[in-house]
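Contents: one structure, followed by commentary.
Please read these numbers as outputs of a predicted model, since none were measured by experiment. Residue numbers run from 1 in the order of the sequence given.
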Amino acid sequence: MVATRPGIFEGGLLTLFPRQLANSSLSPTLLNSSQNARQLLNILPNRKKAGSGSLRFGMGKKGPVAPSAALDGWQFRRADGTIETLHLGADFTLRRYDESLNTYTTVKSGLSSSGLLGATQFNGKLVFFNGVDPNFSYDGTTVTDLGEYVEDLQASAYTWMANNKISLVPAPGRTDYPNGRNVRVTFATAGAVVATIASTSLVTGTLTLTVSGTPFPGSSETISSVEYFDTPPPFSFMWTANDILWALSGGISKPRVYRGTESMKVFYTPAANNENAWFDQGTVDSTQEVAFLNIQNKAGVFDELLAISDFNGAMVFHGRLKTYIYQGYDPSQIGGFVPLKTLEIGLVHQKLVQKMPNDVAFVSPYGLRTLSVQVQTDGVEVTSDIGSNQDSEFGRKITALMVDDTSYRKARSFNYPRDGLFGYKLDDDNLMVYVLNDKAKGWTQLSGYFADAQAFIPLSDGRLMIMRTTQAYCYANGTDAAVGEDYSDDGNAISALWWTPWQSRGGRWGNRAWEILLEDTADITFNLERMIDFNEQNVVTTQVVAAGGGAQWDEAHWDVDTWDAGTMNPVVSDKFLADKAFSVRISFSSTSGPINMLGFRPIGR
């Protein structure tokens with residue numbers, strides 16, 4: 001097995017940092033170490049120089065301590081371009097963090113402790129849902145429950161009776177006028193008058209509405225329309241696509257228990273660009289109910305929809321067991337919205353779906369998958385996907401996620417475009433991260449503050465914020481002026497690990513020493529754990545001390561920076577004889593950086 005990229009270095013003895021990062025699903029005896037590692041922890045591909053791996057940046061404190069430990073968070077960008085973040089606390093209060101004032105302000109309190117709060121951007125607002133409480137929007141200043149006036153065209157015989165009474169003949173079986181509901185009555189002269197229903201009386205098919213106060217005209221006037229204010233039911237998920245809002249039925253999301261009998265209904269706004277327009281109205285044939293389509297009979301199994309996304313102009317409805325793809329823009333028109341394809345693969349959690357460039361990635365019961373690959377795979381053969389080489393890690397974490405309700409509520413995912421990171425949190429162990437850039441594509445894991453964070457908030461100005469208990473932090477990669485660049489999690493060391501596959505030199509290998517190949521590094525002590533002949537229990541640990549220095553490829557500016565002499569690659573003795581193969585695990589813990597590793601070289605014959 002050749003462990004190098006052919007033509008770059010001679011001798012075939014140099015192991016470069018793997019181009020496709022970690023692979024936990026294929027046997028380490030089969031992995032090519034120039035392509036994959038067995039495990040990577042807190043190491044990312046070096047964006048500045050291809051082929052090397054860098055210790056990730058750390059986390060720096062941002063703002064004061066929050067009034068309550070965080071559960072989730074979202075970005076909101078105001079019309080003037082100002083960014084603020086919204087944080088859901090463990091007291092189930094939604095608060096706004098104002099960076100300019102460095103304060104937290106309550107936006108909405110009293111939210112359900114059992115609901116799973118989420119949000120989608122629509123009409124310059126954030127529209128929130130949790131399956132239990134009324135859906136509401138936030139415009140940067142005001143929180144407003146969703147709802148609209150529905151014109152009652154199914155009723156007839158609108159009649160003025162007194163300055164606090166009107167009557168009408170409702171459609172059979174309809175109960176649109178409960179006590180406390182607002183009505184808007186339009187009179188010939190007085191115009192539209194809004195009132196609150198105090199009581200009702202139904203006698204021989206005629207319904208009399210008595211309202212609070214005396215808002216109606218003092219004498220008889222013709223009534224041209226009667227409208228009642230109604231709100232859509234709590235939705236468990238909402239999504240923005242094609243100028244309308246899409247939603248799923250309410251209820252509490254659990255790992256194994258379905259929400260109820262409406263679990264396969266898809267709701268939508270019949271009118272475009274209006275977050276309140278949920279009711280089918282406007283003609284005598286309108287249902288005056290929340291518009292929906294029920295795809296239960298498209299499934300053929302007892303399924304439950306968990307999330308919605310869109311892909312190449314098609315709408316995607318993610319069920320636990322299957323994925324349903326529809327094409328079209330207007331579900332209210334016959335032929336305007338038709339089923340395109342059903343995929344025999346589901347989703348484990350609504351917060352584990354992420355848009356990728358020209359794709360959608362989601363965590364299925366089998367591991368992470370992408371729609372582009374699943375849509376094109378019609379045969380029974382298994383097709384490799386971007387998450388396939390981490391199926392074993394995802395499998396272990398999915399098991400932990402589905403244990404109970406508390407574990408299930410921990411799931412989060414995020415996309416940090418600046419560094420090409422797609423993060424998936426399924427437990428409090430390590431964060432699964434897919435790296436997508438022009439230097440490398442593949443998986444690594446992040447621990448430390450990334451692992452137990454409750455909220456990940458990528459900001460549209462290039463920063464990444466996380467919430468961890470009552471404190472906000474920003475990724476210290478230089479994008480936040482107050483945090484700067486740092487290689488510690490608020491002063492705590494970051495532990496890193498690179499474990500290579502089994503490597504063979506085509507016969508018996510007699511090793512004399514190791515050389516750690518560095519580009520530039522802080523002072524650091526590496527732990528080099530060596531195993532031989534496929535025996536992972538036989539571990540010999542050697543410490544390697546590296547002294548910091550300049551970059552191997554000098555980056556000094558002429559007449560500006562001091563000339564860098566280059567990092568000294570440390571060499572340490574380790575004599576052994578491997579009849580078949582050897583493997584190396586390099587680890588270290590640091591509060592300083594950068595630490596950039598090109599690879600290591602076994603010296604021997």
Side-chain angles (χ1 to χ4, degrees), residues 62-112 115-130 133-146 234-235 237-241 243-247 269 273-276 308-309 350-351 353-355 412-418 423 453-468 470-475 479-483:
K62 188 69 177 177
V65 173
S68 177
L71 297 179
D72 212 339
W74 301 266
Q75 174 191 254
F76 181 80
R77 185 180 278 274
R78 295 176 174 272
D80 63 0
T82 304
I83 291 175
E84 64 183 37
T85 54
L86 298 175
H87 305 247
L88 175 66
D91 57 356
F92 296 94
T93 296
L94 188 66
R95 294 179 176 88
R96 174 179 64 243
Y97 169 55
D98 191 320
E99 287 191 62
S100 60
L101 299 177
N102 217 26
T103 58
Y104 285 92
T105 305
T106 296
V107 171
K108 187 177 180 62
S109 60
L111 293 169
S112 169
L116 195 61
L117 193 66
T120 184
Q121 190 276 333
F122 192 76
N123 276 346
K125 307 170 186 176
L126 278 180
V127 181
F128 286 89
F129 54 87
N130 67 3
D133 298 312
N135 316 296
F136 62 92
S137 64
Y138 172 72
D139 63 4
T141 304
T142 306
V143 168
T144 306
D145 288 347
L146 302 189
F235 295 128
F237 190 87
M238 297 176 72
W239 184 258
T240 300
D243 296 327
I244 66 176
L245 281 173
W246 305 78
T269 51
N273 302 312
N274 185 347
E275 69 272 15
N276 294 299
I308 306 171
S309 63
Q350 62 169 251
K351 290 184 179 289
V353 181
Q354 280 296 322
K355 296 294 288 288
R412 301 287 185 270
S413 64
F414 68 91
N415 169 21
Y416 181 45
R418 181 191 179 277
Q454 292 86 8
F456 304 87
I457 315 174
L459 304 177
S460 51
D461 60 2
R463 295 179 294 161
L464 173 63
M465 180 182 290
I466 71 168
M467 288 297 297
R468 186 173 175 270
T470 58
Q471 183 64 56
Y473 299 87
C474 272
Y475 192 43
T479 53
D480 187 279
V483 173

### Task
With sequence neighbours left out, write down each residue that passes ring-ring contact (aromatic ring centres under 6.0 Å, His included) with Phe76, or none if nothing qualifies.
Tyr138
### Query
Tyr473: what forms a ring-ring contact (aromatic ring centres under 6.0 Å, His included) with it, not counting sequence neighbours?
Tyr449
### Message
Run the salt bridge (charged side-chain N to carboxylate O under 4.0 Å, His left out) test against Asp133 and tell me which residues pass, sequence neighbours left out.
### Response
none
#### Entry: Results of salt bridge (charged side-chain N to carboxylate O under 4.0 Å, His left out) for Lys125 - residues two or more places apart only
Glu275
### Task
Ignoring hydrogens and angles, tell me if any N or O in the side chain of Arg78 forms a donor-acceptor pair with the backbone of Ile83 under 3.5 Å.
no
### Query
Looking only at heavy atoms, what is the nearest atom pair of Leu464 and Tyr416, with distance?
CB-CE1, 3.7 Å
### Query
Is the ring centre of Trp246 less than 6.0 Å from the ring centre of Phe237?
no
### Query
Do the ring centers of Phe129 and Phe235 come within less than 6.0 Å of each other?
no
### Summary
For Gln354, the side-chain hydrogen bond (donor to acceptor under 3.5 Å, both in side chains) test, sequence neighbours excluded, returns Ser413
### Message
Among residues at least two apart in sequence or on other chains, which ones pass side-chain contact (heavy atoms from CB on, under 4.5 Å) with Pro417?
### Response
Asn415
#### Entry: Distance in Å, Thr103 OG1 paired with Arg95 CZ, rounded so as to fall on 0.5 Å steps
12.0 Å
### Message
For a quick check under 3.5 Å, do Tyr97 and Asn102 share a side-chain donor-acceptor pair by atom type?
### Response
yes
